[in-house]
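Notes to accompany the following structure.
Order of the sequence lines fixes the chain letters, A, B, ..., with proteins taken first and strands second; residue numbering starts at 1 for each chain. Remember, it's a predicted structure, so these values are computed and weren't measured experimentally.
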Number of protein chains: 2
Amino acid sequence: MFLTTKGTAQRIIEAALQLISEKGYTAATTKTIAELAGVNEVTLFRHFGNKRGLLKAIIEQFSYYPLLQQEINQNVTWELEKDLLNFSLKHFHFLMSIKDFVMIGFKESIQFPEISEEIANIPLLIKKELIHYFQEMHQQGKIREVDFEAAALSLIALNFGHFMSRARLGTIVSDLPTEELLQTSVAIFSRGLVS
Amino acid sequence: MFLTTKGTAQRIIEAALQLISEKGYTAATTKTIAELAGVNEVTLFRHFGNKRGLLKAIIEQFSYYPLLQQEINQNVTWELEKDLLNFSLKHFHFLMSIKDFVMIGFKESIQFPEISEEIANIPLLIKKELIHYFQEMHQQGKIREVDFEAAALSLIALNFGHFMSRARLGTIVSDLPTEELLQTSVAIFSRGLVS
DNA sequence: CTTCCATGCAAGTAATTACTTACATCCTAG
DNA sequence: CTAGGATGTAAGTAATTACTTGCATGGAAG
C-alpha cells in the first residue's frame, strides 16, 4: 500500500519531469504525462489536485536533492589544477543528473519564478564556496590576486556552458569526449590563475 | 502599401518572437501574439497561414541575420588578451541581441529540430574561426600548444555561460558589471594560454 | 472473509485554441 | 474618381485541455 502509493506518485513525477523538460509546461498535457507514467489520467489529479500541484511536487522533490555544495570541500588537495578539475567534473555531472530540472528552470523561469530561484541557488552556493577556496589559495601564495568573485563566476559559466552545449546540442558542436574537454578547459583556466 | 505590409508582418513576427521566447511555442497563443502586435488575429493567419508558418518566418528572418563570424577576424591585433576580450565582448553582445531567438532555440529544440540546427551553427562557425586564430598565434610563438578545439570550445562556453546567467537570472547570481566580469574572465583565460 | 484504499474506466463539462468564412472599411495607386 | 489590396469585425467550428463525477475492481490488512 505504501510502496504502491509512492511508486505511482513517483512515476507520475518522473514522467512529468521528462515531458515538461522536453516540451514545456503547457505543451506537456496531463494526458500524455499519465500515459508515459502508465497510469490513468484521473490518478494524476487524485495525487496532485491539479497540474500546478504536479509542478510544485517536482520543485519540492528537487529542493531535497543532495546539493553539490557539501561535496565541493571534500577531497581538497590544495593543488589548483587537480582541485579545479575534480570540481568541474563533479559540477558537470551534477548538472547532467538534474538536467531535466535545469531545463524546466530555464524554460519556465518567466511563468514560474519559484523555479528560477531554486535554480539560481546552485551557482550562488557554488560561487560562495569557490570564492573561499580561491581566497585560501591566495593566502597560501598559490594563486595571484584577481577578482575572486569574477573568477568563481567564470569557472561556473565555463562548466555551465559545456553542460548546455552537451545537454541540448549533443555532439553537433564537437564530439570531443567530455573528460578531455573539461581537462583542457580546466588546464587553461587554472594556469591563468597561478602566481 | 508595401511599407504597411512589411510593417504589419514584422510587428507580428516581433511579438511572436518575444512571447514564444518567454512562454514557449504552445503557451504563446495566436490571440496574445496578435494583441501584442496590435493587430487582429485574422491578420496573423492571412500573413503566415498557420502558427507554424509564423515560427518558420522567425527562423527565416534569423537565418539572414548578419552573423558574428565575419566580424571576428576584423580588428585582430595579434595581442592575445586584447583580441580575446574584443571577441568575447562582441560574442556576448551578439548573443544578447538575438537573445529571444536563442531562448526559443533552447526551449523548442526537441519539438522543432530545425531551430536547433540554426542555433548550433553559431558556435560551429565561431569555433572554426577561433581555431584558426589559435593556430596562427601558436605559429607566432605567442601561445603554447594545447588542444585548440577544446580551447575554442572553452572560450565559447565561457561566454555562453555568462550570457545565460545574465539573460535568464539577471543579477541574482552577481551584480558585477558585465564588462568587468568579462575582462577578468578573459584575463584568466588568455593568461592560461600564453607561452 | 471483509473492509478499505488505491486505481481503472466511462462519460461528461466548461474553457480555450487554432483556424475559417463572410462582409465591411480604408488607403493608395493609377 | 475608382478599383484593389490590406486590414478590421463578427461569428462560428472542430479539436483539445484541465478537471470532475460515479462506479467498478482488485489487492492487502485486520
Tabulate protein N/O versus nucleotide N/O from nucleotides 14-18 of chain D, keeping only pairs under 3.5 Å, one per line.
from, atom 1, to, atom 2, distance (Å)
D:dA18, OP1, A:Lys51, NZ, 2.8
D:dA18, OP2, A:Thr30, N, 3.1
D:dA18, OP2, A:Thr30, OG1, 3.0

Q. Where do B:Ser88 and B:Val186 come nearest, in terms of heavy atoms and distance?
A. OG-CG2, 3.4 Å
Tell me which donor-acceptor pairs under 3.5 Å the side chains of residues 49-56 of chain A have, and how far apart each pair is, sequence neighbours excluded?
from, atom 1, to, atom 2, distance (Å)
A:Asn50, OD1, A:Arg52, N, 3.3
A:Asn50, OD1, A:Gly53, N, 2.9
A:Lys51, NZ, A:Tyr25, O, 2.7
A:Lys51, NZ, A:Ala28, O, 3.0

Q: Check the angle between the aromatic planes of A:Phe163 and A:Phe160 and answer parallel, tilted or perpendicular using the 30° and 60° thresholds.
A: tilted
Q) Knowing that exactly one of A:His138, A:His132, A:Gln140 qualifies, which makes a side-chain hydrogen bond (donor to acceptor under 3.5 Å, both in side chains) with A:Glu136? A) A:Gln140
Q) Can you name the residues that form a side-chain contact (heavy atoms from CB on, under 4.5 Å) with B:Ser174, not counting sequence neighbours? A) A:Lys127, A:Glu149, A:Leu153, B:Arg166, B:Leu176
Q) Can you tell me if NZ on B:Lys99 sees more than 12 non-hydrogen neighbours from other groups inside 6.0 Å? A) no
Q: Have a look at A:Val42 and say if it touches a base, only the backbone sugar-phosphate, or nothing, with a 4.0 Å heavy-atom cut-off.
A: base
Q. Do B:Arg46 and D:dG8 have a side chain to base donor-acceptor pair shorter than 3.5 Å?
A. yes
Write down the distance between [atom1] ([X]) and [atom2] ([N]), rounded to a whole number of angstrom.
{"X": "B:Ile12", "N": "D:dG8", "atom1": "CD1", "atom2": "C1'", "result": "13 Å"}
{"X": "A:Glu35", "N": "C:dG8", "atom1": "CD", "atom2": "P", "result": "13 Å"}
{"X": "A:Asn40", "N": "D:dG22", "atom1": "CG", "atom2": "P", "result": "17 Å"}
{"X": "B:Ile33", "N": "C:dC19", "atom1": "CD1", "atom2": "P", "result": "11 Å"}
{"X": "A:Arg11", "N": "C:dT7", "atom1": "CZ", "atom2": "C1'", "result": "11 Å"}

Looking at [N], I'd like to know if its phosphate oxygens (OP1 or OP2) sit under 4.0 Å from a side-chain N or O belonging to [X].
{"X": "A:Thr43", "N": "C:dG8", "result": "yes"}
{"X": "A:Thr8", "N": "C:dA6", "result": "no"}
{"X": "B:His47", "N": "D:dA6", "result": "no"}

